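We're numbering straight along the sequence, starting at 1. Just so it is clear, the structure is predicted and the values come from calculations on it, not from any experiment. Counting starts at 1 for both ligands and their atoms, following the listed order. Note that these values count all heavy atoms, side chains included, but never hydrogens, waters or copies made by symmetry.
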Amino acid sequence: MNATPSSPPGIAPLDVERIRRDFPLLKRQVNGHRLVYLDSAATTQRPSVVIDAVRDFYEQHNANVHRGVHQLSQEATAIFEATREKARAFVNAPEVAEMIYVRGTTEAINLVAQSWARPRLKPGDEILVTTMEHHSNIVPWQLVAEQTGAVVRPIAIDDDGTLDLDDLDARLSERTRVVAVGHVSNSLGTVNPIAHIAKRARSVGAITVVDGAQAAPHYPIDVQALGCDFYAFSGHKVFGPTGVGFLWGRREWLDAMPPWMGGGDMINSVSFQGSTWAPLPSKFEAGTPNVGGAAGLGAAFDYVSGLGLDRIAQHDHELLQYGTARLLEVDGLRLIGTSPKKTGILSFVLAGIHPHDIGTIVDRDGVAIRTGHHCAQPVMERFGVPATVRASLTIHNDRADIDRLVESLEGVRRMFG
Ligand code: PMP
């Protein structure tokens, strides 16, 4: 099966066969089988254009950025800044100076916690997070709560993994300073209604911090339409390199925030009488950044935009529907996360079989899936399971990949009787 069938008129289906050829690693055999990679939520594979851009950077342009007058430094700076502009366009931020280079989502959220929240929070203030958050959108808030006397409170989720918006409303008060929420849950696939949440948060004077790690590769993102205050995402989830990502923040906040890390490139002047800070975005970018990574990420943005995010979202949706139906044919399989608003993540358990055993056995068939708590232990607790099996879907997956997973799961079932 090459393409997603039955796309609505106007949205051309992705040519999966062609896309697969863009990814050198997908040509690999694993344990004697064609690799079926269903772990893109952990990290995506990289297309040749990204790998080539990184190689080209090191072979032709490598230099430190912003500091040199020589040709190579100017070229490296141009590549680095061009990716910042592509990131701005990717999330439709109003200003390129609001796009802060970070290592990834984790660093971005820690930056907001330490630089926005730490100077502002007082004992008794509240930070709301959802029960479905990844640990990287829980623990940074717990750290800042310890530092300030603020309290972290979870917003409940329904049995299908949908955020309980009544519980959000019940918990919002004049004490709420921050609402931290994932755009898409990495363990359930739930898509959260960010625009609604941001509006409700604003009504009590709280900011909304969005973990976009799982949304970025699946949806067109428009931070202005979402109405949030900060949006974080990682390059390696959008087919770019590891160690590079972005934090978008509203200028009014970023201007008012102190630097988080000190060092080279983030100052205006330094003396022993005191130092002054560079304007945005440099104020938050101390030290030598991942310039080679930025070169690759620029190519990744081009690649994703070339395919079209609306087509990607459509592909995702259709494959999710197919995958859901096929998995439910497996005897004893329980899906964890069945919200009507979902993207390409299939989390499940099989009665009587530990997820790690399933992961190990299907790996023998060349199918790469993830098992464990997915850095979302409160979700596991909510659903009363220690771990799940997670298959995550992306542009190079098709129905044949799902069929291979289901076939392998049937084998697991037979093995365990
Ligand atoms: N949030 C979510 C929802 C994620 O899936 C991940 C990655 N698993 C992260 C945050 C952390 O991203 P990173 O490790 O790239 O900082």
Side-chain angles (χ1 to χ4, degrees), residues 37-46 50 87 90-91 100-114 129-143 154-155 157 161 163 179-192 194 197 208-219 221 226 228 230-248 260 289-290 293-294 296-297 300 316 336-337 339 341-347 368-380 382 387-394:
Y37 188 75
L38 293 170
D39 197 19
S40 296
T43 198
T44 53
Q45 296 302 342
R46 322 295 192 245
V50 169
F90 192 68
V91 298
I100 312 294
Y101 268 107
V102 286
R103 276 191 300 138
T105 307
T106 304
E107 182 175 306
I109 296 170
N110 277 277
L111 192 164
V112 179
Q114 290 301 312
V129 303
T130 82
T131 306
M132 71 181 93
E133 292 314 301
H134 187 279
H135 296 164
S136 62
N137 205 18
I138 299 175
V139 182
W141 303 112
Q142 290 177 325
L143 291 174
I155 309 165
I157 53 181
L163 189 65
V179 178
V181 54
H183 199 167
V184 170
S185 154
N186 70 312
S187 52
L188 303 170
T190 308
V191 182
N192 285 314
I194 301 298
I197 294 166
T208 305
V209 182
V210 182
D211 169 351
Q214 293 298 337
H218 298 281
Y219 276 101
I221 292 161
L226 292 174
C228 54
F230 294 95
Y231 196 99
F233 66 97
S234 303
H236 71 105
K237 311 268 193 195
V238 290
F239 313 106
T242 47
V244 63
F246 279 96
L247 170 69
W248 169 78
W260 181 43
N290 182 356
L297 183 52
D316 227 64
I336 308 286
S339 173
K341 287 282 282 174
K342 244 191 101 164
T343 183
I345 282 174
L346 291 157
S347 236
I369 49 170
R370 181 139 301 234
T371 62
H373 55 61
H374 317 295
C375 298
Q377 285 181 349
V379 174
M380 301 298 122
R382 166 67 179 77
T388 71
V389 180
R390 181 186 71 188
S392 47
L393 310 172
T394 192

Requested in this report: Look at atom 15 (O) of ligand 1 and find which of Ala215, Ser187, Gly245, Ser234 reaches it with the closest heavy atom.
Outcome: Ser234

Requested in this report: Classify the side-chain pair Ser40/Ser392 by whether it contains a donor and acceptor separated by less than 3.5 Å.
Outcome: no

Query raised in the report: Is the backbone of Ala41 close enough, under 3.5 Å, to the side chain of Gln214 for a donor and an acceptor to pair up by distance?
Result: yes

Report task. Indicate whether any N or O donor in one side chain lies under 3.5 Å from an N or O acceptor in the other, for Ser339 and Thr190. Result -> no

Query raised in the report: Between Tyr219 and His183, how do the two ring planes meet: parallel, tilted or perpendicular, split at 30° and 60°?
Result: parallel

Query raised in the report: Below 4.0 Å from any atom of ligand 1, is there a heavy atom belonging to Gly182?
Result: no

**Report entry** Contact with ligand 1 for Lys237, non-hydrogen, under 4.0 angstrom
**Finding:** yes

Query raised in the report: Is His374 in contact with ligand 1, taking contact as a heavy-atom separation below 4.0 Å?
Result: no

**Report entry** Under 3.5 Å side-chain donor-acceptor pair for Thr343 and Asp316
**Finding:** yes

Query raised in the report: Who's closest to atom 3 (C) of ligand 1 heavy-atom-wise, of Ile345, Asp211, Val244, Thr242?
Result: Asp211

Query raised in the report: Which ligand 1 atoms does Thr106 reach within 4.0 Å, using its non-hydrogen atoms?
Result: 11 (C), 12 (O), 13 (P), 14 (O), 16 (O)

Query - Atoms in ligand 1 flagged as close to Asn186, the criterion being non-hydrogen separation under 4.0 Å - result: 3 (C), 5 (O)

Query raised in the report: Minimum heavy-atom separation for His218 to Leu393, with atom names?
Result: CE1-O, 3.3 Å

**Report entry** Whether Asn137 lies under 4.0 Å from ligand 1, heavy atom
**Finding:** no

